[in-house]
Amino acid sequence: MKKLLALACTLLLFVFPAQAEILASQTRIPPAYEVPEYVELLLEVARAELGYTEGDRGYTKYGEWVGDPCTQWCAEYLCWCVDQVDQRHGTELLRKVYPMYSGSNTGKNWFIQQGRYIVRWGNLEGWGYQWLKGESSYISTGDYIPQPGDWVFFTWDSDRDTDHVAMVEYCTMDQDGNVQIHVLEGNAPSAVQRNVYDLTYTRILGYGTVHDVADVTMRYGNTGVKVLQLQEKLGYLNYLDPAKADGVYGIATADAVRAFQYDCGLKENGIANIKTQQAINLSVDEAIDNDPLTWTVIDE
């Protein structure tokens with residue numbers, strides 16, 4: 001048996017030398033952020049499903065789990081895996097760290113509301129440009145390398161609606177510096193399997209991220225965790241009534257941003273762009289440093 005396997009491997013290398021050379025030239029990219037234990041558990045569950053194939057009329061256990069046995073099931077596969085981690089390990093990931101959904105855009109919009117979504121080209125529709133935390137320039141295509149456990153959202157046509165989702169297992173770089181995203185995905189097209197996409201693949205809309213790694217321009221009408229965080233900072237700086245920190249970027253929040261911009265010599269448009277948010281963060285840090293209530297008393 002060992003001789004047969006060795007011979008088979010030799011034949012594969014002989015018949016497909018180009019593929020073997022590509023694999024040999026790829027280097028796995030270490031994650032830029034710590035990989036939580038729950039992500040390792042989730043990837044373990046998702047890998048165990050590799051090879052699962054849908055039955056007659058598109059039946060899957062993942063579709064049956066959500067109440068529609070013959071539905072398209074890329075999101076259902078991922079949500080099922082998250083639920084399995086919760087059941088087996090007592091975690092509470094579903095609906096808190098990852099969404100529970102079936103319909104188009106629902107998962108993407110959930111991540112947006114949680115403040116953990118990055119658009120591939122860095123401009124979030126209805127919001128504005130994004131930037132990685134600690135950076136002073138906006139995100140361009142390829143700036144963010146997705147991390148293990150991130151979800152990748154795809155579109156198959158020219159609009160911005162999500163048609164498919166997969167989960168990042170790891171990323172690699174070839175000898176020319178090109179980055180590939182290695183994913184686990186269901187409904188591909190009729191089984192659970194691994195797949196590889198270029199980081200610059202134009203059908204990628206964006207990423208639902210494990211970590212909060214990016215900030216975004218905010219304006220009137222936006223809602224979600226990012227808005228709430230901004231409001232809390234404005235409240236701490238006495239620009240906004242803390243009672244109005246509700247996660248909705250309304251008139252009061254826009255007026256508070258304008259007042260702050262006026263005091264800092266910034267353009268008074270009520271839009272919290274990168275310069276405005278950086279100035280707010282700096283003001284908050286300075287206020288905390290000068291606030292006696294935040295001082296720590298150390299007994300000698």
Side-chain angles (χ1 to χ4, degrees), residues 46 54 57-58 60 62-63 65-82 94-95 97-130 138-147 149-168 180-193 195-210 212-227 247-249:
E54 65 184 35
R57 301 187 305 278
T60 66
Y62 316 115
W65 174 69
V66 299
D68 190 356
C70 297
T71 188
Q72 299 293 318
W73 51 278
C74 54
E76 288 77 0
Y77 158 64
L78 294 184
C79 295
W80 180 91
C81 290
V82 176
L94 200 60
R95 299 184 177 88
V97 178
Y98 292 101
M100 171 64 197
Y101 82 104
S102 296
S104 175
N105 292 331
T106 307
K108 179 188 76 172
N109 291 339
W110 186 90
F111 276 110
I112 292 173
Q113 290 297 302
Q114 297 299 312
R116 292 187 285 113
Y117 183 78
I118 296 179
V119 181
R120 179 175 57 83
W121 54 90
N123 190 352
L124 181 58
E125 186 176 6
W127 294 67
Y129 288 100
Q130 295 181 290
Y138 293 120
I139 293 173
S140 298
T141 298
D143 285 350
Y144 177 70
I145 297 178
Q147 302 293 292
D150 285 357
W151 287 11
V152 188
F153 292 92
F154 300 83
T155 185
W156 299 141
D157 51 38
S158 60
D159 63 26
R160 300 293 173 86
D161 292 330
T162 58
D163 297 310
H164 187 62
V165 63
M167 181 164 59
V168 178
Q180 293 81 36
I181 308 169
H182 297 250
V183 301
L184 301 164
E185 59 184 338
N187 201 29
S190 60
V192 176
Q193 65 177 15
N195 212 337
V196 182
Y197 299 95
D198 288 335
L199 183 66
T200 56
Y201 181 47
T202 58
R203 296 304 183 186
I204 294 176
L205 286 176
Y207 311 99
T209 62
V210 171
D212 177 7
V213 298
D215 286 317
V216 61
T217 301
M218 288 177 273
R219 63 189 71 223
Y220 181 84
N222 294 148
T223 62
V225 169
K226 291 290 187 184
V227 175
V248 179
Y249 203 118

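Starting from 1, each residue takes its place in the sequence as its number.
Side-chain atoms of Gln147 and Val168, non-hydrogen and from C-beta on, never get closer than 4.5 Å to each other. Between Lys226 and Ile112 the shortest side-chain heavy-atom distance does not fall below 4.5 Å. Side-chain atoms of Arg160 and Thr155, non-hydrogen and from C-beta on, never get closer than 4.5 Å to each other. Side-chain contact between Tyr197 and Val183 is present, with at least one heavy-atom pair separated by less than 4.5 Å. No side-chain heavy atom of Trp121 sits less than 4.5 Å from a side-chain heavy atom of Asp143. At a threshold of 4.5 Å between non-hydrogen side-chain atoms, the residues Pro146 and Leu199 count as touching. A heavy-atom distance below 4.5 Å is found between the side chains of Asp150 and Tyr144. Side chains of Val210 and Val97 form no contact here, defined as non-hydrogen atoms less than 4.5 Å apart.
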Side chain to side chain contact (heavy atoms under 4.5 Å, CB included) for Phe154 and Thr202? Distances and angles first, verdict last.
CA-CA 9 Å; Phe154 300 83; Thr202 58; over 6 Å; no
Does the pair Tyr101 and Val165 meet the rule for a side chain to side chain contact (heavy atoms under 4.5 Å, CB included), with working shown?
CA-CA 11 Å; Tyr101 82 104; Val165 63; 3.3 Å; yes
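In summary, of the residues considered (Asp198, Asn195, Ile204), a side-chain contact (heavy atoms from CB on, under 4.5 Å) with Ile181 occurs for Ile204 alone.
Within a 6.0 Å sphere centred on OH of Tyr138, heavy atoms belonging to other residues, nucleotides or ligands number more than 12.
In this structure, Ala214 and Ile139 approach most closely via the heavy-atom pair CB-CD1, 4.3 Å.
When atom types are taken as modelled, the side chain of Asp161 and the backbone of Asn105 share no donor-acceptor pair closer than 3.5 angstrom.
Between Trp151 and Tyr98, the angle of the ring planes stays under 30°, which puts this pair in the parallel group of the 30/60° scheme. Between Phe153 and Phe111, the ring planes are perpendicular. Angles over 60° get that label, and only those under 30° would be called parallel. Aromatic ring orientation, Tyr62 versus Trp73: parallel (interplanar angle below 30°, classes split at 30° and 60°).
In summary, Asp163 and Arg203 do not engage in a salt bridge, as defined by a charged side-chain N under 4.0 Å from a carboxylate O.
Annotation: the span from Glu76 atom CD to Thr71 atom OG1 amounts to 5.0 Å, rounded to 0.5 Å. Between Arg116 atom CZ and Thr209 atom OG1 the span is 6.0 Å, to the nearest 0.5 Å.
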